[in-house]
Amino acid sequence: MINYKELEDIGHKTGFTHIVPLDCKTIELLPEVRQMCQADTCHMYEKNWSCPPGCGSLEECRQIIGRYTHGIIVQTVGDLEDELDGEGMMETEHQHKSHFYEMEKILRQIWPDMLAVGAGCCTKCKTCTYPDAPCRFPGKSFSSMEAYGMLVTQICERNHLKYYYGSCTIAYTSCYLLE
């Protein structure tokens, strides 16, 4: 049985701004999100095991997610000096990834088979082995919510979590599928 209050406490201690329960039945994988990945605006498409197509087809991702019923969504919300504050965006992203890795270590002790789904591609290795060799850490690497085909705003809305916190803010969102 998941103790969400305990998970919320752990999440806040690791630095997340918001932690809410995730009902895995609310996760819908959308081809149009994958098509956004294919546009390669982040320059990681076909370059990383955690990004499409390396992370698997939508059907393969559905099968993986289908093993889970409950999890949590975590967010790091940062303040920006203005709408174009790239430095503030990068700092908040760095903080979110740091929180994400720290909480992952804690949660893996309780749920070794959990699925960690992050914001942005996996950065566990300085250089990914894709496509020349298998992933060095297949049980510890992670894909982004978008790589799996999740529309982050939809997942947040369906689980009663805000995504937009007003002008001059940015929110990075990830999730852990636990059981």
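Contact of the T41 side chain with the M36 side chain is not registered, since no non-hydrogen atoms from C-beta on lie closer than 4.5 Å. With a 4.5 Å cut-off on side-chain heavy atoms, E93 and H96 do not count as touching. When side chains are defined from C-beta on, I65 counts as touching L29, because their heavy atoms get closer than 4.5 Å. Side-chain contact check for E46 versus P53: some heavy-atom pair is nearer than 4.5 Å.
Transitive grouping of hydrophobic side chains (ILVMFWY, heavy atoms separated by less than 4.5 Å) brings W111 and I10 into a common cluster. Transitive grouping of hydrophobic side chains (ILVMFWY, heavy atoms separated by less than 4.5 Å) keeps L178 and V117 in distinct clusters. Both F16 and L7 are part of a single hydrophobic cluster, where members link through side-chain heavy atoms under 4.5 Å apart. Follow the hydrophobic side-chain contacts under 4.5 Å out from I155 and you reach V77 in the same cluster. Hydrophobic clustering places L58 together with Y68 (ILVMFWY residues linked when any side-chain heavy atoms are closer than 4.5 Å, directly or through intermediates).
The aromatic rings of H18 and Y165 lie parallel to each other, their planes meeting at an angle below 30°, with 60° marking the opposite boundary.
Note that the CG atom of N3 and the CD1 atom of I110 stand 9.5 Å from one another [nearest 0.5 Å]. Atom CD1 in I19 sits 6.5 Å away from atom OG1 in T14 (nearest 0.5 Å). Rounded to the nearest 0.5 Å, atoms SG (C121) and CZ (F142) are 7.0 Å apart. Considering SG of C128 and CZ of F137, their distance stands at 11.0 Å, rounded to 0.5 Å. To the nearest 0.5 Å, atoms OG1 (T76) and CD (Q95) are separated by 7.0 Å. To the nearest 0.5 angstrom, C156 atom SG is 11.5 Å from R158 atom CZ.
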Residues E87, D85; criterion side-chain contact (heavy atoms from CB on, under 4.5 Å); working and verdict = CA-CA 5 Å; E87 190 176 309; D85 180 9; 3.8 Å; yes
inquiry  = Is there a side-chain contact (heavy atoms from CB on, under 4.5 Å) between C122 and S141? Walk through the geometry before answering.
reply    = CA-CA 6 Å; C122 183; S141 64; 3.8 Å; yes
message = Before you tell me yes or no, could you show the steps for K124 and E104 under salt bridge (charged side-chain N to carboxylate O under 4.0 Å, His left out), namely the whole-Å CA-CA distance, both residues' side-chain angles and the distance that decides it to 0.1 Å?
response = CA-CA 12 Å; K124 295 244 176 180; E104 177 197 17; 2.8 Å; yes
request  = Decide yes or no on side-chain contact (heavy atoms from CB on, under 4.5 Å) for L177 and I27, but give the supporting numbers first.
outcome  = CA-CA 11 Å; L177 309 186; I27 298 173; 4.0 Å; yes
message = Show, in sequence, the C-alpha distance, side-chain angles and deciding distance for V20 and I72, and conclude whether the side-chain contact (heavy atoms from CB on, under 4.5 Å) test is met.
response = CA-CA 6 Å; V20 299; I72 58 170; over 6 Å; no
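A salt bridge does not link E28 with R62: every distance from a Lys NZ or Arg NE/NH1/NH2 to an Asp or Glu carboxylate oxygen is 4.0 Å or more. Checked for salt-bridge contact, D9 and K13 miss the test: no charged N lies under 4.0 Å from a carboxylate O. The residues K47 and D40 are annotated as salt-bridged, a charged nitrogen and a carboxylate oxygen being separated by less than 4.0 angstrom.
The number of heavy-atom neighbours closer than 6.0 Å to CD of E32, taken from other residues, nucleotides and ligands shown, is above 12. In M89, the CE atom is crowded: over 12 heavy atoms of neighbouring residues, nucleotides or ligands sit closer than 6.0 Å. Atom NE2 of H12 is surrounded by more than 12 heavy atoms from other residues, nucleotides or ligands within 6.0 Å. A 6.0 Å sphere centred on CD of E6 holds no more than 12 heavy atoms belonging to other residues, nucleotides or ligands.
Side-chain N/O atoms of T169 and D79 include no donor and acceptor closer than 3.5 Å. Side-chain contact check for Y101 and T123: at least one donor-acceptor pair (N or O, by modelled atom type) lies under 3.5 Å. Donor-acceptor pairing under 3.5 Å is recorded for the side chains of Q75 and T173.
Listed for the S174 side chain is a donor-acceptor partner under 3.5 Å among the backbone atoms of A119. Y45 contributes no side-chain N or O that, together with a main-chain N or O of N48, makes up a donor-acceptor pair within less than 3.5 Å. With hydrogens and angles disregarded, a donor-acceptor distance shorter than 3.5 Å links the side chain of R34 to the backbone of A147. The backbone N or O of D23 sits nowhere less than 3.5 Å from a side-chain atom of H70 that would complete a donor-acceptor pair. Formation of a donor-acceptor pair under 3.5 Å by the S143 side chain with backbone atoms of S50 is found in this model.
The two atoms that bring Y4 and P21 nearest to each other are CE2-CB, 3.5 Å, heavy atoms only. The heavy-atom pair separating G15 from H99 by the smallest distance is O-NE2, 3.3 Å. Between E83 and C168, the closest heavy-atom pair is OE2-N, 2.9 Å. Closest approach of C135 and P138 over heavy atoms only: O-CD, 3.4 Å.
You'll find the ring centres of F100 and Y176 inside the 6.0 Å limit.
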